[in-house]
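Comments concern the structure below.
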Amino acid sequence: MDRPYYAYTVYQAALQAIQLGHKRMSIIEFGVAGGNGLVCLEKHVKKISEKLGIHISIYGFDTGEGLPPPQDYRDLPYHWKAGFFRMDKEALLAKLSKAKVIFGDVAQTALHFTRDYNPAPIGAIFHDLDFYSSTMDALKILEIPAAYRLPR
């Protein structure tokens, strides 16, 4: 099994959603790059959804252009460079059957996520943004109204 920690996290979130009376929930991955995480999530979600009877939506956030220029010394500019992890959008989208990829600067896309997508409550968020500054921007998603997230 690839990324068993993804499977465990999604499974536990699904159990909680069911216990709270939800029939659907959402999973987010920040930092998609080549899409291996989303492909793996799709496989896990398929099995978990079938086993537990809950609909799970998957959303991936990425610029599609690779890493942006570093904004902060904590982004480790001596290690990470702008353009690292650039994705082949067409190849990625061809691999995905369920997940939606949200392209753009996470500082904007995370802020407008609920308005633009009206997602089911978020049960799990996976962060793989590499930069401190991007991660801090992505954490703003936790400021969304409580109805859009599971309580734990």
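Computed from a predicted structure; not experimentally measured.
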Discussion item. Using a 6.0 Å cut-off, check whether atom NZ of Lys47 has over 12 heavy atoms from anything other than its own residue.
Written reply: no

Discussion item. Has Ser49 got a side-chain atom pairing as donor or acceptor with His55's backbone, closer than 3.5 angstrom?
Written reply: no

Discussion item. With heavy-atom distances below 4.5 Å as the criterion, would you say the side chains of Ile141 and Phe113 are in contact?
Written reply: yes

Worksheet item: Is there side-chain contact between Val39 and Leu96, with heavy atoms separated by less than 4.5 Å?
Response: yes

Worksheet entry | pair Phe131-Pro68: side-chain heavy atoms closer than 4.5 Å | yes

Discussion item. For Leu129 versus Ala138, what's the shortest heavy-atom pair and its separation?
Written reply: CD1-CB, 3.5 Å

Worksheet item: So how far is it from Thr135 OG1 to Lys140 NZ, rounded to the nearest 0.5 Å?
Response: 12.0 Å

Worksheet item: Any chain of hydrophobic side-chain contacts (each under 4.5 Å) joining Ile102 to Val32?
Response: no

Worksheet entry | Steps toward side-chain contact (heavy atoms from CB on, under 4.5 Å) verdict (Met25, Gln16) | CA-CA 10 Å; Met25 64 176 247; Gln16 181 186 71; over 6 Å; no

Worksheet item: Is it true that a side-chain atom of Thr63 and a backbone atom of Gly104 form a donor plus acceptor pair closer than 3.5 Å?
Response: no

Worksheet item: So, do Tyr148 and Asn118 sit near enough that their side-chain heavy atoms are less than 4.5 Å apart?
Response: yes

Item to complete: Decide yes or no on side-chain contact (heavy atoms from CB on, under 4.5 Å) for Phe84 and Asp130, but give the supporting numbers first.
Response: CA-CA 10 Å; Phe84 279 16; Asp130 301 305; over 6 Å; no

Response to the item:
Nearest heavy-atom contact between Leu150 and Ala13 is CD1-O, 3.5 Å

Discussion item. Let me check something: do Ile48 and Leu38 share a hydrophobic cluster, defined by ILVMFWY side-chain heavy atoms less than 4.5 Å apart, either directly or through other members?
Written reply: yes

Worksheet entry | Under-4.0 Å salt bridge between Glu143 and Arg149 | no

Worksheet item: Considering all heavy atoms of both residues, which atom of Ala124 and which atom of Thr9 are nearest to each other, and what is their separation?
Response: CB-CG2, 3.7 Å

Worksheet item: Is there a donor-acceptor pair closer than 3.5 Å between any side-chain N or O of Gln71 and the backbone N or O of Pro69?
Response: yes

Practice prompt. Mind running side-chain contact (heavy atoms from CB on, under 4.5 Å) on Lys89 and Glu65 for me, showing each step along the way?
Written response: CA-CA 9 Å; Lys89 291 180 188 178; Glu65 305 300 322; 3.5 Å; yes

Discussion item. When you measure from the side chain of Arg24 to the backbone of Ser57, do you find a donor-acceptor pair of N or O atoms at a distance under 3.5 Å?
Written reply: no

Discussion item. Looking at His44 and Tyr11, would you say the former's side chain and the latter's main chain have a donor-acceptor pair under 3.5 Å?
Written reply: no

Discussion item. Within the 4.5 Å heavy-atom criterion, are Lys98 and Lys43 side-chain neighbours or not?
Written reply: no

Worksheet item: Could you state the interatomic distance from CG (Asp116) to OH (Tyr59), rounded to the nearest 0.5 Å?
Response: 11.0 Å

Practice prompt. Begin from the C-alpha positions of Ile27 and Phe126 and carry the test side-chain contact (heavy atoms from CB on, under 4.5 Å) through to its verdict.
Written response: CA-CA 8 Å; Ile27 302 295; Phe126 299 96; 3.6 Å; yes

Worksheet item: Are Val45 and Ile28 in one and the same hydrophobic cluster, where Ile, Leu, Val, Met, Phe, Trp and Tyr link if side-chain heavy atoms are under 4.5 Å apart?
Response: no

Practice prompt. Output yes when Glu50 and Lys46 qualify as a salt bridge under the 4.0 Å nitrogen-oxygen rule, no when they do not.
Written response: yes

Practice prompt. Determine the interplanar angle of the Phe30 and Phe61 rings, folded into 0 to 90°, and report it as parallel if under 30°, tilted if 30 to 60°, perpendicular if over 60°.
Written response: tilted

Fill in: Identified side-chain contact (heavy atoms from CB on, under 4.5 Å) counterpart of Leu92 within the set Asp62, Asn36, Val101
Val101

Worksheet item: If Ile, Leu, Val, Met, Phe, Trp and Tyr residues are connected whenever their side-chain heavy atoms lie under 4.5 Å apart, and connections chain through other members, are Ile18 and Ile122 in the same group?
Response: no

Item to complete: Check whether more than 12 heavy atoms from other residues, nucleotides or ligands sit under 6.0 Å from atom CZ of Phe103, and answer yes or no.
Response: yes

Worksheet entry | Minimum heavy-atom distance between Gly37 and Arg3, given as atom pair plus value | CA-NH1, 3.3 Å

Worksheet item: Within a strict 4.5 Å, meaning less than it, do heavy atoms of the Glu42 and Lys95 side chains meet?
Response: no

Worksheet entry | Close side-chain approach of Met136 to Asp72, heavy-atom, < 4.5 Å | no

Practice prompt. Please name the pair of heavy atoms, one in Gly64 and one in Arg86, separated by the smallest distance, quoted to 0.1 Å.
Written response: O-CG, 4.1 Å

Discussion item. I'd like to check Leu142 versus Ile125 (side-chain heavy atoms, cut-off strictly below 4.5 Å). Are they in contact?
Written reply: yes

Worksheet item: Are Leu93 and Ile58 connected in the hydrophobic side-chain network, where two residues link if heavy atoms are under 4.5 Å apart?
Response: yes

